[in-house]
> 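Please read through the structure below; I'll follow up with questions.
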Amino acid sequence: MATTSTDTGRSNQKKRTRAAIVEAARALIGTGDDLTMPAVARAALVSEATAYRYFPDLPSLISEALAGAWPAPADALRPVADSPDPVARVAFACEFLLRGILARQGSVRAMIAATVTRPETAATRPGIRFGLIDHALLPLADTLGATDPDAFAQLKRDLVVVVGAEALFTLTDLCGLDPEAAVTSAVRTAATLTEAAVRADRQRTD
């Protein structure tokens, strides 16, 4: 069946509507305020029902809106690219991520809340921390990664707990730290974990 101009027009309209919803979400994410589907719909000048027709849930919308918003790990860690010190690299990666989360905390909180209540949507979370941690620990790949792969994997898991939104919001919301103090605390913890793993590896190989 031949495509009619009416079909083409409808297709183009759907693309424009979807793009408007995504752009509205990106603009709201940039404010750092709380992000909700009704707020996105209002900003996009569409009904909430229309927004849900294009995106079944908030995590899927946030995921698409954030696509490309975070640089690749190598680009993010470019300032420490020449450093062979995993402790310094991890500290930089941790601070980079946490400051990015603070700038987008409304959408990050919404994503966490949605995926906690609906674990099946967890795969829509960007998982930025994993790439940053892997890249930050590259200097250990041929040392700790070779001599004790289990310890290397455990270090990565330890860092996943610290280098992320959940740890940051625990420090601000439950411990009462201001954002700067929270970032400093998390960075210190990430660096301490890495330093301890490096020291233990040196003791094993000496």
> Less than 4.5 Å apart, any side-chain heavy atom of D134 and any of P73?
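No, every pair of side-chain atoms sits at 4.5 Å or beyond.
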> Please assess T50 against S47 for the test side-chain hydrogen bond (donor to acceptor under 3.5 Å, both in side chains), listing each intermediate value before the final yes or no.
CA-CA 5 Å; T50 296; S47 69; 2.8 Å; yes
> For the residue pair Q154 and D150, confirm or rule out a side-chain donor-acceptor distance under 3.5 Å.
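The answer is no; no qualifying pair exists.
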> May I ask you to check whether Q13 and T17 show a side-chain donor-acceptor distance below 3.5 Å?
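Distance-only check passes for Q13 and T17.
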> Taking the side chain as every heavy atom from C-beta outward, state whether R18 and E64 have any atom pair closer than 4.5 Å.
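R18 reaches E64 side chain to side chain.
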> Members other than L35 in its cluster, when Ile, Leu, Val, Met, Phe, Trp, Tyr link by side-chain heavy atoms under 4.5 Å?
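Members alongside L35: I21, V22, L28, I29, M37, V40, V46, Y52, Y54, F55, L58, L61, I62, L66, M111.
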> Do L193 and V162 come close enough that some side-chain heavy atom pair is under 4.5 Å?
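They are in side-chain contact.
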> According to side chain to side chain contact (heavy atoms under 4.5 Å, CB included), who are the partners of T143, at least two apart in sequence or on a separate chain?
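Result, side chain to side chain contact (heavy atoms under 4.5 Å, CB included) vs T143: L140, D201.
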> For the pair R129 (side chain) and V160 (backbone), establish whether a donor and an acceptor sit closer than 3.5 Å, ignoring hydrogens and angles.
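Checked: pair present.
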> Is R89 reaching over with its side chain to a backbone N or O of P84, donor-acceptor style, under 3.5 angstrom?
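A pair under 3.5 Å: no.
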> A side-chain contact here means heavy atoms from C-beta on lying under 4.5 Å apart; do L171 and L168 qualify?
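Side chain of L171 against side chain of L168, heavy atoms only: no contact under 4.5 Å found.
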> Do S63 and S60 have side-chain atoms, one donor and one acceptor, less than 3.5 Å apart?
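S60 and S63 do not have a side-chain donor-acceptor pair below 3.5 Å.
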> Compare all side-chain heavy atoms of I112 with those of F169 and state whether any distance is below 4.5 angstrom.
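When only atoms from C-beta onward are counted, F169 and I112 do touch, with a gap below 4.5 Å.
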> Excluding sequence neighbours, so at least two apart, what forms side chain to side chain contact (heavy atoms under 4.5 Å, CB included) with P71?
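Testing P71 for side chain to side chain contact (heavy atoms under 4.5 Å, CB included), a comparison that skips the adjacent residues, returns D75, A76, F96.
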> Decide yes or no for V163 and L132: does some side-chain heavy atom of the first lie under 4.5 Å from some side-chain heavy atom of the second?
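No - every pair of side-chain heavy atoms lies 4.5 Å or more apart.
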> Using only heavy-atom distances, determine whether the side chains of S107 and R104 contain a donor-acceptor pair under 3.5 Å.
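R104 and S107 do not have a side-chain donor-acceptor pair below 3.5 Å.
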> Are the side chains of L137 and T194 in touch, meaning some heavy atoms are under 4.5 Å apart?
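Of all side-chain heavy-atom pairs linking T194 with L137, at least one is under 4.5 Å.
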